Amino acid sequence: MKIKWIEIFKILEDFQTGYDLPSVSLIGNEEGSPFKILISTLISLRTRDEVTLEASRRLFESADTAEAMMKLSQEEIEALIYPCGFFRVKSGNILTISKEIVQNLGGQVPSSKEGLLALPGVGLKTANLVLSLGFAIPAICVDIHVHRIANRMGWVKTNKPDDSVPALEKILPREYWIPINELLVLFGQQICTPRSPKCSQCPLHEHCRRCGVEQSR
DNA sequence: AAAACGGGGGC
DNA sequence: GCCCCAGTTTT
């Protein structure tokens with residue numbers, strides 16, 4: 001069946017009105033340089049939103065460019081981003097990435113998927129987030145929320161989030177590749193939650209394979 | 001006390 | 001493909 005993306009996005013935009021929560025994937029986005037977006041995304045792994053925000057702000061007060069960051073010691077970075085999960089691994093990656101950017105990449109965060117994936121701690125989700133938010137290059141950033149919703153809704157049928165990226169790229173018009181994440185992450189936090197989703201309050205009820213489409217045919 | 005959280009890397 | 005990773009919060 002044909003998915004009515006225009007209707008779905010309209011509903012999601014209406015739903016978003018009234019919330020001003022920064023979603024976890026999009027922390028530091030508005031005035032964020034690609035470098036800050038990259039670093040705060042690394043920090044957000046396995047870490048709740050508020051903790052990620054506080055840690056990012058602390059870290060960027062000390063260093064908000066790769067040049068400044070590489071002058072910090074790993075211990076200093078660790079202290080700044082504590083108590084984020086994986087803070088030892090993350091601080092090492094942040095330092096390595098900053099040095100790499102300054103010494104080998106001309107001081108610029110890579111603006112290609114391949115370049116980003118070559119950095120330690122950067123996988124498909126992080127790479128696509130930096131591309132879309134940092135460089136306005138259309139790329140679908142499938143985090144666990146987007147993956148869960150897309151599969152529940154019946155838009156795709158995949159097991160791993162990374163497999164949802166090409167699947168979504170096939171069916172979703174390109175103009176939605178950037179806005180989809182912000183809309184869906186909020187929706188996933190508030191309505192389409194991992195356990196006991198609030199289906200009775202869901203504005204996408206009729207578009208959902210589980211609730212609407214599947215039952216009505 | 002145990003499970004959940006969430007993305008990436010190494011084998 | 002499967003297993004490991006680290007610290008906090010929730011059950």
Side-chain angles (χ1 to χ4, degrees), chain A residues 21-29 32 34-59 69 73-101 109-110 112-134 139-153 156-169 177 180-198:
Chain A
L21 309 169
S23 52
V24 69
S25 316
L26 309 177
I27 283 171
N29 53 359
F35 180 73
K36 288 166 76 172
I37 292 170
L38 172 59
I39 299 301
S40 56
T41 305
L42 293 178
I43 292 175
S44 74
L45 175 60
R46 198 86 166 173
T47 305
R48 287 171 306 113
D49 300 16
E50 317 87 71
V51 179
T52 303
L53 272 171
E54 289 167 15
S56 300
R57 290 192 180 126
R58 276 200 305 273
L59 182 61
M69 191 70 71
S73 68
Q74 182 168 348
E75 290 71 25
E76 287 173 313
I77 298 176
E78 281 182 17
L80 287 166
I81 66 175
Y82 185 87
C84 294
F86 292 100
F87 65 94
R88 289 211 166 79
V89 177
K90 288 174 184 173
S91 56
N93 285 342
I94 290 171
L95 202 48
T96 304
I97 287 175
S98 299
K99 288 178 181 169
E100 175 74 11
I101 288 174
V109 174
S112 71
K113 183 174 292 190
E114 298 72 28
L116 286 163
L117 290 175
L119 300 173
V122 177
L124 188 56
K125 181 250 178 179
T126 307
N128 279 358
L129 181 69
V130 174
L131 287 179
S132 59
L133 245 54
I140 303 178
C141 163
V142 177
D143 71 351
I144 197 67
H145 296 290
V146 177
H147 178 68
R148 179 179 68 251
I149 296 166
N151 278 278
R152 280 184 182 164
M153 289 287 164
V156 299
K157 197 169 154 81
T158 55
N159 289 324
K160 295 190 313 184
D162 282 4
D163 294 336
S164 287
V165 175
L168 277 171
E169 284 175 351
W177 287 13
I180 189 175
N181 288 284
E182 188 174 11
L183 294 176
L184 287 186
V185 170
L186 175 65
F187 178 68
Q189 289 168 340
Q190 301 296 324
I191 301 290
C192 201
T193 49
R195 283 184 302 266
S196 11
K198 304 188 174 84

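We name chains A, B, ... by the order of the sequence lines, and we start the count at 1 in each one. Computed from a prediction, not measured in an experiment: that's the story for all the values here.
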**Asked** Any donor and acceptor pair, going by atom type alone, linking the side chain of A/Asn128 with main-chain N or O of A/Ala139 inside 3.5 Å?
**Response**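 Judged by distance alone, no pair lies under 3.5 Å.
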
**Prompt:** Is the backbone of A/Arg48 close enough, under 3.5 Å, to the side chain of A/Thr52 for a donor and an acceptor to pair up by distance?
**Reply:**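 Such a contact is found between A/Thr52 side chain and A/Arg48 backbone.
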
Minimum heavy-atom distance between [X] and [Y], given as atom pair plus value:
| X | Y | result |
| --- | --- | --- |
| A/Cys141 | A/Leu129 | SG-CB, 3.8 Å |
| A/Cys192 | A/Arg152 | SG-NH1, 3.2 Å |
| A/Arg58 | A/Tyr82 | NH2-O, 2.8 Å |
| A/Ser164 | A/Thr158 | OG-OG1, 2.5 Å |

**Item:** Residues A/Thr41, A/Thr126; criterion side chain to side chain donor-acceptor pair (under 3.5 Å); working and verdict
**Value:** CA-CA 7 Å; A/Thr41 305; A/Thr126 307; over 6 Å; no

**Message:** I'd like the P distance from B/dC11 over to C/dA6, given in whole Å.
**Reply:** 15 Å

**Prompt:** B/dG6 and C/dT11: how far apart are their P atoms, nearest whole angstrom?
**Reply:** 13 Å

Mind calculating the distance between [atom1] ([X]) and [atom2] ([N]) to the nearest angstrom?
| X | N | atom1 | atom2 | answer |
| --- | --- | --- | --- | --- |
| A/His145 | B/dG7 | NE2 | C1' | 12 Å |
| A/Arg148 | B/dA4 | CZ | C1' | 13 Å |
| A/Leu116 | B/dG8 | CG | P | 11 Å |
| A/Ile144 | B/dG8 | CD1 | C1' | 13 Å |
| A/Arg48 | C/dA6 | CZ | C1' | 14 Å |
| A/Asn159 | C/dC2 | CG | P | 11 Å |
| A/Leu124 | B/dG8 | CG | C1' | 11 Å |
| A/Ile81 | C/dG7 | CD1 | P | 11 Å |

**Request:** Look up atom CD1 in A/Ile43 and atom SG in A/Cys84, then write down how far apart they are to the nearest 0.5 Å.
**Result:**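 The distance works out to 6.0 Å.
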
**Request:** Compare side-chain N and O positions of A/Tyr82 against OP1 and OP2 of C/dA6 and report whether any pair is under 4.0 Å apart.
**Result:** no

**Message:** Can you see if the side chain of A/Thr47 gets near the phosphate of C/dG7 - specifically, an N or O under 4.0 Å from OP1 or OP2?
**Reply:** no

**Message:** Applying a 4.0 Å non-hydrogen cut-off, can you work out what A/Val122 is touching in the nucleic acid: base, sugar-phosphate, or nothing?
**Reply:** sugar-phosphate

**Request:** For A/Pro120, answer base if it contacts any base atom (sugar-phosphate contacts may also be present), sugar-phosphate if it contacts only those atoms, and nothing otherwise; contact means non-hydrogen atoms under 4.0 Å.
**Result:** sugar-phosphate

**Asked** Closer to the 5' end of DNA chain B via nearest nucleotide, is it A/Phe86 or A/Leu117?
**Response**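 It is A/Phe86 whose nearest nucleotide is closer to the 5' end.
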
**Item:** Which residue lies more 5' along DNA chain C, comparing A/Lys160 with A/Arg195 via nearest heavy atoms
**Value:** A/Lys160

**Item:** Nearest listed nucleotide, side chain of A/Arg88, among B/dG6, C/dG7, B/dG8
**Value:**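 Closest nucleotide among those given: C/dG7.
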
**Message:** Side chain of A/Lys125, heavy atoms from C-beta onward: which of B/dG6, C/dT9, B/dG7 has the nearest atom to it?
**Reply:** B/dG7

**Asked** Where along residues 92-99 of chain A does a heavy atom fall under 4.0 Å from DNA chain C?
**Response**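 Hits under 4.0 Å, by residue number: none.
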
**Asked** Can you give the dot-bracket line for DNA chain B, where a pair is Watson-Crick or G-U wobble with both atom distances under 3.5 Å, crossing pairs use [ ], and | marks a partner on another strand?
**Response** |||||.|||||

**Item:** side chain to side chain contact (heavy atoms under 4.5 Å, CB included) between A/Lys125 and A/Ile144, worked out
**Value:** CA-CA 10 Å; A/Lys125 181 250 178 179; A/Ile144 197 67; over 6 Å; no

**Message:** Tell me which one of A/Leu95, A/Leu45, A/Ile77 satisfies side chain to side chain contact (heavy atoms under 4.5 Å, CB included) with A/Lys90.
**Reply:**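 For A/Lys90, the side chain to side chain contact (heavy atoms under 4.5 Å, CB included) check succeeds only for A/Leu45.
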
